[in-house]
Amino acid sequence: MTELDKNYSPERAETTHYERWEASGAFSADPGSEQEPYTIMMPPPNVTGSLHMGHALTFTIQDVLIRYHRMLGRDTLWQPGTDHAGIATQMVVERQLAEQEIKRVDLGREAFVEKVWEWKERSGGTITRQLRRLGASPDWPRERFTMDEGLSNAVRKVFIELHRQGLIYRDKRLVNWDPKLHTAISDLEVQQVEVKGRLWHFRYPLEGREGEYIVVATTRPETMLGDSGVAVHPEDARYTEVVGACCVLPLVGRRLPIVADEYPDLEAGSGAVKMTPAHDFNDYEVGRRHDLELINIFDRDACLNDNVPEKYRGMDRYTARQAVVEDMEALGLVEKVEDHVHSVPHGDRSGVAIEPWLTDQWYVDAKTLAKPCIEAVEQGRTAFVPKQWENTFFAWMRDIQPWCISRQLWWGHRIPAWYAPDGTIFVAEDEAAALQAAERHFGEAVVLEQDPDVLDTWFSSALWPFSTLGWPSEAAEEQRFLQRYYPGDVLVTGFDIIFFWVARMMMMGLHFMGEVPFRHVYIHALVRDQHGQKMSKSKGNIIDPLDIIDEYGCDALRFTLAALAVPGRDVKLDPARIAGYRNFATKLWNAARFCLMNGAAVAPDYDPGANRQVLNRWIVGKVLETRRELDSALGAYRLNDAAALLYHFVWNQFCDWYIEFAKPLLDSDDPGAQAETRATMGWAMNNLLRLLHPFMPYITEELWARFKQDSDGLLISALLPDFDAGLVDADAAAEMDWVIRLIGEVRAVRSEANVPPAAKIDLLVKDAGPVTGGRLTAHASLIQRLARTSGVELAPGDLPPGTVQIVIDEATVALPLADVIDISAERARLEKEIDKLAGEVAKLEKKLSNPQFLAKAPPEVVNEQKTRRDDATATIDRLEAALGRLRAA
RNA sequence: GGGCGGUUAGCUCAGUUGGUAGAGCGCCUGCUUUACACGCAGGAUGCCGGGAGUUCGAGUCUCUCACCGCCCACCA
């Protein structure tokens, strides 16, 4: 056996095992397998991305689940890939070009897209390389990119189909326009930002009534240049008289009808609202009801266009705001100005205020597609974990708005629509098909122009669960793949993209595959810093997972994230915790080192059921029980419970007790016991490594080579041990628990009574409980070693006076310490213990004397309380007796 | 305005069907106990945010109040 170094070195393990895993084919799904498949669709990170803590959490969770199911023998598919991330990627490349003073428009569309592809080839692999550093084990040969040919086919096919079904349509309506990026964005890409602004109260002169005004309030004075009406509430007595009349728009001179509409709030502002239907979503609706004119006053940069008086043309919206206010003031038409805090919609990518703008865009009829999704979740065909997210999902889906899917960008899936000179639209697979359709339509060939826009990135992501599996290819192999791996078992993701992505995958999956895309949606939380602050560059509190891996090792990071991944709660990442789990890795390493130093190894003919030593029978049962508890924790996506379980088993059972107890047996001159213990220890380590592997793949793989049987390959491909109830020995467990308690008590006495550490003492045991007769002698060496005693014997008769006594259930153990210790300290210890128990007895007595309790509580609970009281009372008696004997000294 | 989550040991947090309050880190006291000081042994610390209710019994269920956080909508 090779000696191990004193400490585990993560770098070495992390640089050797990944390639071996990958080369072994362990990551790959096997469609020919007899085993049941287990599928996770990896949420494709942005191709521009680099690994942050949120990624580390989500991919660790997924990798734990995948490795665990792989070790259950399932045929696992973890489908990896990246997202082309339309706006994000286009911005990255534009920024790089800007450094060379090249502009996108100068390059032209084709050349620019070519540049983006070049960038992708050069730099797009960062995130997947970093995923490898995290130890993630997806099926890399199946890696997909949302702009791959196959996935692009899927996008076109879906677009064409939905269009044919009337579920995709072109419409002219107000959109969220990003004046910096020059594109429409969806409602979800809009962030509300609190802004300290002002509320200007303007006087609009009433037509034909000298000196009379209607006062309107606005936060955006510049939009008045596009006003086409004023609205008041029909029940607003202040204005009944002017409804139907007109006022005159200052600076412009336009006549504005005053209309009555339910929209204005009687309480707010002046009660009268200026209407700018072309630049405000609410005004747009009011305008439609009252046939108000739509006056578009902005160009695509949100600068004023020719529909405003000459002096304002070309100004940007903020300059215009100032100019309008000044001019209104000059006219004496500003009634008052108030400070006003309100939210202003901003583009989440550009960070500038979005402008509602009237344009032609493509929309998905989300309302229709959402219906089956709502039903599917109601019926539990897809279940959210934790369940409370279903409410969020329902709320959004039930009130869903049309989804604007066209983007005025160059990087993305070009919309498969062509326009004839007369505006007729032909949606088709490609230009040739469109031309053909046009020719049929017009009876002659016409020139077509393709829609210049691309699709929202989330459109292609919505197809991910089936487009990555080969849909819509008719090829037999891909059909079989799709059949086998759709729907997936679980989707693991953060709550922030439930709407962006989860909902849309549900829509597309149900519509095109006729079945939900996944059975479970496991929603994990955000990773925050140790004080609960969101990590952000501006706060400077970012913890980079790669730095953590360098400092503590990948396994420590993974184990930490798993241990903190409580369903439904945010993850607060405390570096002290990571160090703690790094220590855990070291502990495991040294336990293994001890095993090796003592010749522990898996013996080919070893049968755990044939163990004769109680200690060995005990640990075998414990290992298997741990396996079973691991199942129930992971089955409920409780990775934190699973991690805690393994941590405590390894440290507080295996290391603290089993290894310590094994020492005398390993030193023993009974060759049978020695051999059995070596073999059991090897078996236990072998299985512990399996249980830990999903969480700590590197260190376990590193150690595996030393604890596996020759025929075993890599740990990643090993199976978890089978649970066998026959190997769980309850008697052995009771016996070992008793011995552990005894040692604990002796240690406590020694410590509290200030017995010098080097002093060896004798133990006399009366009524040794489960450890009867010769069994006590069998454990004597364990007890001696761990409690630092010189001998352990059964007391022939009554316990002698002048001894310190320990009470464990029915047993009393005497330590002849009277001359070594501080008697008063010992007396205090016993009295304290008696007090504690007396308090408990009092509480139990009160409960047990309550007739209501006796009548209504279930009998087993009553009995339990009685037993507890009786035990405590008996223990008090023995403690009192011990106290008496101490006094007699 | 609508909804969700949180408030448990000094800190960060577990506590799944109501039935003796837990972990990690930190703290205190000991320890060259030949796997491990990234260690070992022992110890202290909680009216489980306030109030009310249901129940034989509430950290756990209901209502309410307070504070913190998040999501959605709106903000003329």
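Throughout, a chain's letter reflects where its sequence line sits, starting with A, and its residues are numbered from 1. Keep in mind that this is a model prediction, so the values were computed, not measured.
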Notebook entry, point to check: Does A:F499 or A:W389 map to a spot on RNA chain B nearer the 5' end, using the closest nucleotide for each?
Noted result: A:W389
Notebook entry, point to check: Any side-chain heavy atom of A:P234 within less than 4.5 Å of one from A:E262?
Noted result: yes
Notebook entry, point to check: In terms of the angle between their ring planes, are A:Y581 and A:Y647 parallel, tilted or perpendicular, with boundaries placed at 30° and 60°?
Noted result: perpendicular
Note to self: So if I define the base as every atom that isn't primed, P, OP1 or OP2, how would nucleotides 29-38 of chain B read as a B/S/- string at a heavy-atom cutoff under 4.0 Å?
What the structure shows: --S---BBSB
Margin query: When the P atoms of B:G22 and B:A44 are compared, how many Å lie between them, rounded to an integer?
Written below: 12 Å
Notebook entry, point to check: Quick one: A:I498 CD1 to B:C71 P, roughly how many Å, whole number?
Noted result: 12 Å
Checklist line | Short side-chain to backbone donor-acceptor contact, A:H524 and A:A565, under 3.5 Å | finding: no
Margin query: Could you check whether any side-chain N or O of A:R317 sits under 3.5 Å from a backbone N or O of A:T223, counting only pairs where one atom can act as donor and the other as acceptor?
Written below: no
Next item on the list: In whole angstrom, give me the gap between the P atoms of B:U45 and B:G3.
Entry: 43 Å
Item checked: Atom P, compared across B:U60 and B:G5: separation rounded to whole Å -> 15 Å
Checklist line | Gap between atoms CG and P, on A:L844 and B:G57 respectively (whole Å) | finding: 16 Å
Checklist line | Greater than 12 external heavy atoms within 6.0 Å of A:R289's CZ | finding: yes
Notebook entry, point to check: So, for A:A260 and A:V243, which heavy atoms are closest and what is the spacing to 0.1 Å?
Noted result: CB-CG1, 3.9 Å
Check: Expressed in angstrom and rounded to an integer, what is the separation of A:F495 atom CZ from B:G5 atom C1'?
Finding: 10 Å
Next item on the list: Quote, to the nearest angstrom, the C1' distance that separates B:G53 from B:G18.
Entry: 15 Å
Check: If you look at every strand shown and take non-hydrogen atoms under 4.0 Å, does A:D496 touch a base, only sugar-phosphate, or nothing?
Finding: nothing
Note to self: Using OP1 and OP2 only, check whether a side-chain N or O of A:Y647 sits under 4.0 Å from B:A14.
What the structure shows: no
Margin query: Could you tell me how far B:G6 sits from B:G43 if I compare only their P atoms? Round to whole Å.
Written below: 34 Å
Check: Does a salt bridge link A:E745 with A:R741, judged by any charged N lying under 4.0 Å from a carboxylate O?
Finding: no
Next item on the list: Can you tell me the distance, in whole Å, between the CG atom of A:D283 and the P atom of B:C74?
Entry: 13 Å
Notebook entry, point to check: Stepwise, does the side chain to side chain contact (heavy atoms under 4.5 Å, CB included) test hold for A:I400 with A:F499?
Noted result: CA-CA 10 Å; A:I400 197 163; A:F499 305 142; over 6 Å; no
Check: CG of A:N652 versus C1' of B:G39: gap in Å, rounded?
Finding: 14 Å
Checklist line | Gap separating the CG atom of A:D550 from the CG atom of A:L557, nearest 0.5 angstrom | finding: 11.0 Å
Check: Counting N and O atoms only, with roles assigned by atom type, does the side chain of A:R582 sit under 3.5 Å from a partner on the main chain of A:G553, one being a donor and the other an acceptor?
Finding: no
Notebook entry, point to check: How long is the line joining NE2 of A:H340 and C1' of B:C74, in whole Å?
Noted result: 11 Å
Check: Taking NZ from A:K274 and P from B:C75, how many angstroms apart are they, rounded to a whole number?
Finding: 13 Å
Check: Counting any heavy atom closer than 4.0 Å, what does A:S270 reach on the DNA or RNA strands: base, sugar-phosphate only, or nothing?
Finding: nothing
Check: Where is the tightest heavy-atom contact between A:N640 and A:A563, given as atom of each residue plus distance?
Finding: CB-O, 3.2 Å
Notebook entry, point to check: List RNA chain B stems (3 or more consecutive Watson-Crick/G-U pairs, under 3.5 Å)?
Noted result: B:1-7 with B:66-72, B:10-13 with B:22-25, B:27-31 with B:39-43, B:49-53 with B:61-65
Item checked: Any donor-acceptor N/O pair under 3.5 Å between B:C75 base and A:S343 side chain -> yes
Check: How does protein reach along nucleotides 15-20 of chain B, written 5' to 3' as B (base within reach of a heavy atom under 4.0 Å), S (only sugar-phosphate), or - (no contact)?
Finding: S---BB
Notebook entry, point to check: Can you check whether A:Q192's main-chain N or O pairs, donor with acceptor, with A:S343's side chain at less than 3.5 Å?
Noted result: no
Check: Within the structure shown, what part of the strands sits under 4.0 Å from A:L564 by heavy-atom distance: base, sugar-phosphate, or nothing?
Finding: nothing
Next item on the list: Could you check how far CZ of A:R398 sits from C1' of B:C71, rounded to whole Å?
Entry: 17 Å
Item checked: Distance, C1' atom - from B:G57 to B:A21, rounded to whole angstrom -> 16 Å
Check: Ignoring hydrogens and geometry, is there a side-chain-to-backbone donor-acceptor pair from A:D236 to A:L266 under 3.5 Å?
Finding: no
Next item on the list: Taking atom C1' in both B:C56 and B:U12, compute the distance separating them and give it to the nearest angstrom.
Entry: 37 Å
Margin query: Suppose you measure atom C1' in B:C31 against the same atom in B:C36; what distance do you get, rounded to whole Å?
Written below: 15 Å
